[in-house]
Number of protein chains: 2
Amino acid sequence: MRANPVESPEALDRLAGTTLASEPFFLAARVSGQGSGAANRRLAELGLKVRHYSVLALACSDVHPTQRELSHYLLLDPSQIVALIDELQALGAVQREPDPRDRRSKMVVATAAGRALYRRAKKVVDAASSDSLSALTTEQREDFLALLRLAAFG
Amino acid sequence: MRANPVESPEALDRLAGTTLASEPFFLAARVSGQGSGAANRRLAELGLKVRHYSVLALACSDVHPTQRELSHYLLLDPSQIVALIDELQALGAVQREPDPRDRRSKMVVATAAGRALYRRAKKVVDAASSDSLSALTTEQREDFLALLRLAAFG
DNA sequence: GCATATCGTTGAGATTGTCAATGGTCTTGG
DNA sequence: CCAAGACCATTGACAATCTCAACGATATGC
């Protein structure tokens with residue numbers, strides 16, 4: 001998630017053949033870092049970061065996630081979810097609603113404004129992912145997504 | 001990179017079908033987070049983190065990377081590379097050597113002790129990656145690696 | 001009912017990320 | 001050759017993020 005110093009290609013060529021380049025966790029970190037870096041830069045104009053975007057996306061879904069579920073899903077500490085939701089709530093994008101099944105937990109749901117914001121944000125995020133993956137063909141992207149899903153869950 | 005709260009599966013099942021689960025950057029972040037989390041936990045017994053491991057791996061290669069190259073490759077700020085190498089140097093694992101081509105930059109090379117440490121570290125990291133990817137067949141892992149490489153560079 | 005576990009929240013402390021400034025070195029144009 | 005500008009490692013300051021312990025409120029199992 002750096003400021004993108006134009007990524008000098010010489011260094012990459014020299015290093016891309018090392019054994020480290022065969023470690024999935026390292027490659028995943030690079031993909032993730034570049035991807036969310038690009039997404040963050042574009043989301044800045046909406047006053048969001050990928051963290052907010054992720055929460056907003058789930059709040060817009062029909063599953064009405066609990067804060068604890070967001071924590072597990074996004075691999076973030078519950079206290080960070082609190083702060084994130086406070087911010088999104090201050091933007092009028094989401095609300096906390098009581099969970100009918102458990103009065104300890106709160107469901108996070110998007111407001112109409114939140115859903116509108118999400119639609120705009122999704123466009124810039126999709127654009128960012130798209131040119132993060134410009135080296136892959138359409139078919140490769142589908143394979144990649146399927147394998148990522150398998151690796152991410154499962 | 002959390003403490004691994006046993007990842008309650010119910011939440012994942014409910015949320016894995018949302019549109020967010022189709023965003024490559026999000027999936028990559030999850031894979032990366034889980035993978036380096038697991039690796040970090042195992043590397044702790046060697047007094048290392050994945051950051052150190054990554055630097056050490058490159059220092060053990062035959063490319064003799066420059067600190068600036070490490071910075072580009074690992075997506076870390078140059079100042080963080082300084083700290084990382086200070087620590088590895090304090091462990092006697094790496095050395096800074098003058099770059100014959102450019103006296104401004106310094107090459108980072110592993111010592112014999114550093115290479116021995118790397119071999120031990122690589123075992124635990126490989127074990128961690130292996131069970132991070134336990135949901136993939138051997139063939140799928142190869143495809144996944146190839147696609148990751150393409151996405152990470154390219 | 002009681003003991004124990006979970007949920008959201010708060011707060012503190014450590015780690016990491018980001019950025020500006022500096023001295024030393026390279027490179028380029030004149 | 002020289003001067004201007006760029007690049008490298010380093011330092012230091014600050015912001016963002018992570019990690020953890022504690023708390024009141026609620027749930028669950030005995």
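In the text below, chain A, chain B and the rest are named by the order of the sequence lines, each starting its count at 1.
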Subject >> Value in whole Å for how far the P atom of C/dT16 lies from CG of B/Leu75 >> reply: 16 Å
**OP:** Before accepting this row, confirm whether a basic side-chain N of the pair A/Arg42/A/Asp131 lies closer than 4.0 Å to the acidic partner's carboxylate O.
**Re:** yes
Original post:
In chain order, what residues pass the side-chain contact (heavy atoms from CB on, under 4.5 Å) check against A/Ala39, with sequence neighbours excluded?
Top reply: A/Val50, A/Ala128
Original post:
Just checking, is any N or O donor in the side chain of A/Thr19 or B/Tyr118 under 3.5 Å from an acceptor N or O on the other one?
Top reply: yes
**OP:** Please state how far atom CG in B/Leu74 lies from atom C1' in C/dG17, giving the value in whole angstrom units.
**Re:** 15 Å
Subject >> Sequence neighbours excluded, every pair satisfying salt bridge (Lys or Arg N to Asp or Glu O under 4.0 Å) that has a member inside residues 98-111 of chain B >> reply: B/Asp102-B/Arg104
Subject >> Donor + acceptor pair across side chains of A/Ser22, B/Arg149 (<3.5 Å) >> reply: yes
**OP:** Return the value, rounded to whole Å, for the distance between atom CG of A/Leu70 and atom P of C/dG8.
**Re:** 9 Å
**OP:** Using whole Å, report how far CG of A/Leu76 lies from P of C/dT15.
**Re:** 20 Å
**OP:** List in chain and number order the residues that pass side-chain contact (heavy atoms from CB on, under 4.5 Å) with A/Asp143, two or more places apart in sequence or in another chain; answer none if no residue qualifies.
**Re:** B/Leu147
Please write out each protein N/O paired with an N/O of nucleotides 3-5 of chain D under 3.5 Å, distance rounded to 0.1 Å.
none

For nucleotides 7-11 of chain D, which of its nitrogen or oxygen atoms have a protein nitrogen or oxygen under 3.5 Å away, and what is each distance?
unit_1	atom_1	unit_2	atom_2	d
D/dC7	O4'	B/Arg104	NH1	3.2
D/dC7	O2	B/Arg104	NH1	2.5
D/dA9	OP1	B/Gln67	N	3.1
D/dA9	OP1	B/Arg68	N	3.3
D/dA9	OP2	B/Arg68	N	2.9
D/dA9	OP2	B/Arg68	NE	3.4
D/dA9	O3'	B/Lys106	NZ	3.1
D/dT10	OP1	B/Arg96	NH1	3.0
D/dT10	OP1	B/Lys106	NZ	2.8
D/dT10	OP2	B/Gln67	OE1	2.9
D/dT10	OP2	B/Gln67	NE2	2.7
D/dT10	OP2	B/Arg96	NH1	2.5

Subject >> Pair A/Tyr53-A/Ser36, side-chain donor/acceptor within less than 3.5 Å >> reply: no
Subject >> Partners meeting side-chain contact (heavy atoms from CB on, under 4.5 Å) with B/Thr138 (sequence neighbours left out) >> reply: B/Glu142
